[in-house]
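Right, one structure below, let's go through it.
This one's a predicted model, so the numbers in the text were calculated from it and none came from an experiment.
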Amino acid sequence: CRGEVVKGFGRGSKELGIPTANFSEQVVESFPSDIPTGIYYGWACVGNGDVHKMVLSIGWNPFYKNIKKSVETHIIHTFKEDFYGEILSIVITGYIRPEKNFDSLDALISAIQEDIEEAKRQLDLPEHLKLKEDNFFHLPEGKTVNNH
């Protein structure tokens with residue numbers, strides 16, 4: 001999937017200490033509807049930058065009782081600044097767990113930390129590692145936001 005990074009709910013960084021990049025509603029709506037909600041892992045690249053490990057949440061975020069489905073990517077890398085408006089390219093390579101609700105913010109944070117550790121382990125496996133080099137991550141010159 002590829003699309004522009006838009007401002008989300010502003011919760012990832014502030015409440016969770018785990019920043020996420022959000023796709024626009026159009027990109028989310030173009031996702032295949034048969035992809036089950038839940039937590040996934042794979043590779044992500046901002047613009048023409050380096051490819052990093054990522055964890056992805058697809059769903060309704062029951063903890064926050066969202067009405068609209070969201071696709072949020074946590075890139076396992078520290079960026080110096082925000083990249084709103086940039087093109088984010090992601091390749092999903094595996095599934096971690098279904099979406100679930102949590103009794104507390106702490107429980108949610110610790111589950112996300114476990115998801116991140118699981119993603120790091122899985123993405124070191126050769127079958128996932130090889131997708132890091134996929135040509136999909138090389139944006140053609142002059143790529144516009146509207147091409148998925």
Quick one: list whatever passes salt bridge (charged side-chain N to carboxylate O under 4.0 Å, His left out) with [X], sequence neighbours left out.
X	answer
E118	R121
K53	D124
E117	K120

If every non-hydrogen atom of [X] is compared with every non-hydrogen atom of [Y], which pair is closest and at what distance?
X	Y	value
F137	L131	CE1-O, 3.6 Å
R97	A111	NH2-CB, 4.0 Å
I116	V55	CA-CG2, 3.8 Å
I75	A44	CG1-CB, 3.9 Å
I92	F31	CD1-CE2, 4.2 Å
M54	A119	O-CB, 4.1 Å

Q. Hey, mind stepping through Y40 and I35 against side-chain contact (heavy atoms from CB on, under 4.5 Å) and telling me if it holds?
A. CA-CA 11 Å; Y40 294 81; I35 292 185; 3.4 Å; yes
Do the non-hydrogen side-chain atoms of [X] and [Y] ever get within less than 4.5 Å of each other?
X	Y	result
I96	Q122	no
L129	W43	yes
R2	I87	yes
C45	H52	no
I39	L56	no
Y84	E86	no
L108	L16	yes

Using the test side chain to side chain contact (heavy atoms under 4.5 Å, CB included), find all partners of [X] that sit at least two apart in sequence or belong to another chain.
X	result
E114	S110
E127	L125, K130
N22	V6, T20, E72
V28	F23, K69, V71

Q | Interatomic distance, S57 atom OG to I112 atom CD1 [nearest 0.5 angstrom] | A | 8.0 Å
**Q.** Pair listing, ring pair (Phe, Tyr, Trp, His ring centres under 6.0 Å) test, anchored in residues 112-136, at least two apart
**A.** Y41-H128
(Q) List the residues meeting ring-ring contact (aromatic ring centres under 6.0 Å, His included) with F83, not counting sequence neighbours, and say none if there are none. (A) F79
Give every residue pair that meets the salt bridge (Lys or Arg N to Asp or Glu O under 4.0 Å) criterion with at least one member in [range], sequence neighbours excluded.
range	result
residues 37-51	none
residues 37-49	none
residues 23-40	E25-K68

